[in-house]
Amino acid sequence: MNRRWLTGAGVLAIAIGFAVLAERTLAMGLDRAALVLVGAFAILQGIRYTERRRHVDRTTATVDEPETRYHVPAPGDELDDIFDRGRHWHGRSYPQETARREIRDVAVETLALRGPDDRAAIRDRIERGEWPDDPVAAAFLTGRPLPPDARLRCLLRRESAYEHGLERAVAAVAAAEE
Amino acid sequence: MMEPFDTNRWTGIAGVALLAVGIGVLTEQPGAILAGVVATAYAAAARSGDAPAPALGLSRTLDRSNPEEDDAVEVTVRVENAGETLADLRIVDGVPPGLEVVDGSPRHATALRAGEVETFSYSVRAVRGVHEWTAADVVTRSLSGAQERREVLESATTLRCVPELGTDVELPLRGLATRSVGRIETDVGGPGIEFHAVREYRRGDPVRRVDWNRLARTGERSTVELRRERAATVALVVDARREAYRAPNRETAHAVERSADAVGRTLTALLSAGDRVGLAALSPRECWIAPGSGRDHRERARELLADSPAFAPTPPEDYLPRRTAVDWLRGRLAEGTQIVLFSPVCDDVIVGIARRLDARGHLVTVVSPDPTGEGTPGRTLAAIARRNRLRRLRRAGLRVVDWGDEPLAGAIARARRGWSR
């Protein structure tokens, strides 16, 4: 209801304005200073209102996509989420350690199924950096910094050392499977 | 009924109006003042009038309610306005999550006078199962677009697709057998087609079994024994837990759908061979048919594959603990029933379930539709982990069919080459 009264008051003010345009004598009581005051006030309020627009997002009713079927994830999508979380951290942070552990677990299983089934020994080798032969993948899996030449390459390519190490480690596990 | 909300479409227009008026007044420019007046009119229009509350009736008709799989079904939506005029009305129909729109659009925008009726159509592709439409979303807007109101319209509509079970796919079974004649080769002599042994002739043996060559050579009468073939009791078990709802991409059927399809084909072949076949799902949504045979049993299994919520296109919300799954299944299986487990084997729990069932005397064959994708480190690693699990199952003595993109019969033929009897 308030909104309607305000709208009405606004319409009335505009009507008076038009009336003044038609009959100038109605505005005889207003001098230049009063007009400047009104104009300045209008500009200040205008800036305030326009500024408010910058902080307001347009909203609209949103609905799901009915055209497509229910989408199920692919195996490994949840692992990619874990790997992505590691991208925002540095060093031996919890998200990066979680990513390393996931890769190490699959590596241990892969090697144990294709060679001597001594999982503790395999895990020790990985944690000591003795597996795989690729020094970048080995450093990544131990959590140590990558070798200097790999870090330099990452720097020149503007690639994250974490991502580079992760991809090489996954590639090493894939190679061990073959 | 939901409350209307502001869209903020005209937020700031009052500021533009005030700026124009202020500048016009200070510079004594009538044009600027006039622009301010126009902007004020817009601001006033934006603030007048709410998004109307719709009073609509919605109904749907399907051009067929029992389609075959892959048929396009046309859906016609009829909307009737029983309330005031709606200047801006948007309708988004609640297509079931398991169906894909293949023609037209379930979205419709219109203006609807009081008492007026509007219809629109779209087509969906039918897939196995019972599919229920959800509520349609309805959005009304004020004339200026400054306000919107969202409502939902319920209208029960169901599409039921019960496809044929598909062509036979013969899956070799393992050794356990019943007393009925069937196709499992046993180590016992008797009726069958494969040579088993030669024994001394006994009075009453059929003449056609007499070894005439031996009689001619040695003068002794002996009887040829064939390997007795007996029927098996088999439970076809689908892994329909949350973890099994996986697909390599949006376009491909997920592993539970592929498993249900494979179950249908295997069931046809097993029943044709005289085996007794049951059907179960490892899912919080219970599904079970005890082993049986015959045409009626086949029909019941066909209906269950389509109707059971266990094979729904969307995953269950609850998890199924391993021990619960094993106990539930073992409580239903008679001794000696062998299991064909259809599972993508995407986690270690299913490996434990399969091994435990096998160890308790239910010989397990695993048919594993491969849902793994590629292109990311996570997907590559998950594919390796799945192959490791299949390897572990094989090492434990279970038969495994790793079923990729090829037809199931091809995958079985490839797997058989690695099986010993």
Side-chain angles (χ1 to χ4, degrees), chain A residues 3-4 6-7 10-11 14 17-18 21 35-36 38-54 56-61 63-64 66-83 102-103 105-106 109-110 113 166-167 169-171 173-174 177, chain B residues 5-9 11-12 14-19 21-23 25-26 37 40 44 47-48 92-95 97-101 105-107 137 139 148 150 245-250 254 313-315 344 346 371-373 376-388 391-392 395:
Chain A
R3 178 182 285 184
R4 294 203 170 193
L6 280 170
T7 309
V11 170
I14 290 167
F18 274 112
L21 280 177
L35 282 177
V36 167
V38 169
F41 180 70
I43 287 174
L44 280 177
Q45 283 293 88
I47 290 169
R48 198 166 69 89
Y49 276 40
T50 321
E51 187 65 16
R52 193 187 292 172
R53 178 77 178 98
R54 288 176 54 189
V56 172
D57 292 326
R58 277 191 66 178
T59 53
T60 188
V63 292
D64 295 335
E67 292 87 354
T68 52
R69 299 191 69 205
Y70 179 84
H71 171 57
V72 299
D77 285 358
E78 62 282 10
L79 280 175
D80 282 322
D81 289 343
I82 291 171
F83 296 161
E102 293 286 349
I103 301 172
D105 287 349
V106 179
E109 183 73 10
T110 305
L113 283 167
L166 188 144
E167 279 167 16
V170 171
V173 181
E177 194 199 12
Chain B
F5 59 89
D6 291 331
T7 61
N8 300 321
R9 184 178 184 179
T11 303
V16 173
L18 285 167
L19 274 173
V21 168
I23 291 166
V25 166
L26 289 180
V37 170
T40 306
R47 282 170 177 270
S48 63
V92 183
D93 202 15
V95 182
L99 299 180
E100 181 188 8
V101 176
S105 173
R107 300 169 192 259
D137 283 300
V139 178
E148 282 185 7
R150 184 179 167 186
Y245 280 79
R246 296 287 184 273
N249 51 53
R250 279 174 181 262
H254 58 64
T314 51
C346 285
T372 55
T376 67
R379 289 182 175 191
T380 305
L381 205 64
I384 298 169
R386 175 179 168 276
R387 288 192 288 272
N388 285 346
R391 208 175 176 110
R392 251 161 53 203
R395 278 203 177 174

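First the proteins, then the strands, lettered A, B, ... as listed; each starts at 1.
For the atom pair CG of B/L18 and CZ of A/F41, the computed distance is 8.0 Å after rounding to the nearest 0.5 Å. Rounding to the nearest 0.5 angstrom, the gap separating the CZ atom in B/R246 from the CG atom in A/D77 is 8.0 Å. Distance check, rounded to the nearest 0.5 Å: CG of B/L381 to CZ of A/F83 gives 5.0 Å.
Using a 4.5 Å cut-off between heavy atoms, B/T11 contacts chain A through both its backbone and its side chain. Neither the backbone nor the side chain of A/I82 comes within contact range of chain B; no heavy atom of the residue lies under 4.5 Å from a heavy atom of that chain. For chain B, no part of A/L44 is nearby; none of its heavy atoms comes within less than 4.5 Å. For A/D105, no part sits under 4.5 Å from any heavy atom of chain B, backbone or side chain. Residue B/P377 touches chain A through both its backbone and its side chain, counting heavy-atom pairs closer than 4.5 Å. Residue contact with chain B, scored on non-hydrogen atoms closer than 4.5 Å, involves the side chain of A/E177 exclusively. Only the side chain of A/E167 comes within less than 4.5 Å of a heavy atom of chain B; its backbone N, CA, C and O stay farther away. The contact between B/E100 and chain A is made by backbone and side chain atoms together, counting heavy-atom distances below 4.5 Å. Of the two parts of B/I384, the backbone and the side chain both hold a non-hydrogen atom closer than 4.5 Å to a non-hydrogen atom of chain A.
Taking B/T372, B/N249, B/D93, B/T380 one by one and counting their heavy-atom pairs under 4.5 Å with chain A, the maximum is reached by B/T372. Per-residue heavy-atom pair counts under 4.5 Å with chain A were compared for B/G98, B/G12, B/G94, and the maximum is reached by B/G98. Chain A forms more heavy-atom pairs under 4.5 Å with one residue of B/T40, B/V16, B/V25 than with any other, namely B/V25. Per-residue heavy-atom pair counts under 4.5 Å with chain A were compared for B/V95, B/V37, B/L19, and the maximum is reached by B/L19. The candidate with the highest count of non-hydrogen atom pairs below 4.5 Å against chain B, out of A/H71, A/E102, A/E51, is A/H71. The candidate with the highest count of non-hydrogen atom pairs below 4.5 Å against chain A, out of B/A44, B/P248, B/P315, B/S105, is B/P315. Of all the listed residues (A/V173, A/D81, A/L113), the one sharing the greatest number of non-hydrogen pairs under 4.5 Å with chain B is A/L113. The candidate from A/T60, A/T50, A/V36, A/L35 with the greatest count of non-hydrogen atom pairs under 4.5 Å with chain B is A/T60.
Taking all atoms of both residues into account, the shortest heavy-atom contact from B/A247 to A/P75 is O-CD, 4.4 Å. Summarising the geometry of A/A61 relative to B/F5, their closest heavy-atom pair is N-CZ, 3.7 Å, with the distance given to 0.1 Å. Nearest heavy atoms, A/R53 versus B/R9: NH2-O, 4.2 Å. Summarising the geometry of B/G22 relative to A/A42, their closest heavy-atom pair is CA-CB, 3.7 Å, with the distance given to 0.1 Å. In this structure, A/Y49 and B/A14 approach most closely via the heavy-atom pair CD2-CB, 3.6 Å.
When each of B/R386, B/R387, B/R392 is checked for a salt bridge (charged side-chain N to carboxylate O under 4.0 Å, His left out) with A/E109, only B/R392 meets the rule.
Summarising the local packing, CZ of A/R58 is surrounded by more than 12 heavy atoms from other residues, nucleotides or ligands at distances under 6.0 Å.
Side-chain atoms of A/D80 and B/R379, non-hydrogen and from C-beta on, do get closer than 4.5 Å to each other. Between A/P66 and B/V101, the closest side-chain pair of non-hydrogen atoms is not below 4.5 Å.
Counting only distance, with no hydrogens or angles, the side chain of A/T59 and the backbone of B/N8 share no donor-acceptor pair below 3.5 Å.
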